[in-house]
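The block underneath contains the structure these notes are about, expressed in C-alpha cells.
A note on names: the letters A, B, ... follow the listed sequences, proteins ahead of strands, and every chain is numbered from 1.
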Amino acid sequence: MSSPQSRPARADTLVVLDFETTGLSPNQGDRAIEIGAVLIEQGVITASYQQLMNPGFSIGNFIEQFTGISNGMLACAPNCAQVMAEFADFIGDHNLVAHNASFDRRFLDAELARLRRNYSGEFCCSMLLARRLYPQAANHKLASLVSFKGLAHDGVFHRALADAKMTAELWLAMLRDLEELHGLKAPSFQLLQQISTSTKAALPRLLRAQAVGR
DNA sequence: TGCCAGGCCCTCTTTAGGGCCTT
C-alpha cells in the first residue's frame with residue numbers, strides 16, 4: 001500500500017535491480033543466486049550492490065552455462081537470508097526498476113517473505129516502457145535494446161550487476177528521449193508507470209496531455 | 001491424475017489464444 005506523498009516521486013532517483021536465479025518461478029522452488037543493483041540519484045549512478053548467494057542446493061547445468069555462475073562459486077557464498085537482509089537495507093524506500101519487472105518482483109517478494117521483510121517502493125518495468133517508446137526495435141530483450149540505443153557496455157550479459165547497469169543506462173536513455181522527443185522534462189515515476197502500462201492506442205493522447213499540461 | 005511460470009500485450013479479442021520476456 002502506498003503512503004501519502006506530498007509530491008510525486010522523481011523518475012531519476014531510484015534503484016535498478018536484477019536477479020540471477022535457479023529458474024523461472026519461486027512457486028516451483030526456484031531461488032535467487034545473485035542480486036545486482038545500482039542506485040540512481042538525480043540521473044546519476046551513485047552506488048551499486050552485487051552479491052552471489054547460496055540457495056542451499058546445486059544449480060542445474062543450464063543455469064551454470066546461462067549465467068556463468070558455477071556451483072563452486074556458490075559453495076562459498078553467503079546464504080540467501082544474509083544477502084537479502086543486506087539488500088533490503090540497500091533498496092530502502094526507493095522506487096524500483098527492472099527489465100521485465102514482474103519476474104524480479106516475484107523473486108524479491110519471495111526472498112523477502114522468507115525473512116519477514118518488506119519494502120515500500122513501487123516497481124516500474126523498463127521492458128514495458130521500451131515497448132511503448134521504441135515499437136520499431138527488433139525486439140525488447142535487454143541486450144537488443146542496449147544495442148538499439150547504442151549504449152556502452154562491457155560485453156557481460158546474464159550477470160546481475162552487469163544487467164542492472166545496462167538496465168539503468170537504458171532507463172536514463174528513455175528519460176532523455178522522453179524530454180527530447182516528447183517534451184517531458186523530469187517526468188514523475190508515477191507518469192512512467194502510467195506510460196509503461198498504457199495501451200498502444202492511448203499513448204499518443206497521454207503524451208500530448210502531459211506536454212500540454214506543462 | 002496429470003500437469004507444472006506468470007504477467008503483460010496484441011489481435012479478424014473480450015465467454016480467447018498466442019507471443020514476448022525474465023532465469
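One finds no salt bridge joining D154(A) and K165(A) here, because no Lys/Arg side-chain nitrogen approaches an Asp/Glu carboxylate oxygen to under 4.0 Å. In summary, D109(A) and R114(A) do not engage in a salt bridge, as defined by a charged side-chain N under 4.0 Å from a carboxylate O. Under 4.0 Å is where a charged nitrogen must lie from a carboxylate oxygen, and between R159(A) and E20(A) no such pair does.
The same atom, C1', is picked in dG17(B) and in dT13(B); the two are 9 Å apart, to the nearest Å. For the P atom pair drawn from dG19(B) and dT1(B), the interatomic distance equals 32 Å after rounding to whole Å. The gap from the P atom of dC12(B) to that of dC20(B) amounts to 16 Å, rounded to the nearest Å. Nucleotides dC8(B) and dC4(B) are separated by 22 Å at their P atoms, to the nearest Å. Spacing between dG6(B) and dT23(B) at atom C1', rounded to whole Å, works out to 13 Å. Spacing of P atoms, dG7(B) relative to dC3(B), comes out at 23 Å, to the nearest Å.
Between H158(A) atom NE2 and dT23(B) atom P the separation is 6 Å, expressed in whole Å. Spacing between atom CG of D104(A) and atom P of dG6(B) amounts to 16 Å, rounded to whole angstrom units. Between the CE atom of M127(A) and the C1' atom of dC10(B) there is a distance of 13 Å, rounded to whole Å. Look at CG on L170(A): it is 13 Å from P on dC21(B), rounded to the nearest Å. Between the CG atom of N100(A) and the P atom of dT22(B) there is a distance of 6 Å, given to the nearest Å. Going from atom CZ of F107(A) over to atom P of dG6(B) covers 11 Å, rounded to whole Å.
Rounded to the nearest 0.5 Å, atoms CG (L128(A)) and CZ (F123(A)) are 12.5 Å apart.
Residues R131(A) and T67(A) both approach DNA chain B. Their nearest nucleotides, taken by heavy-atom distance, put R131(A) toward the 5′ side.
When heavy atoms are screened at a 4.0 angstrom cut-off, Q28(A) is found touching base atoms of the nucleic acid.
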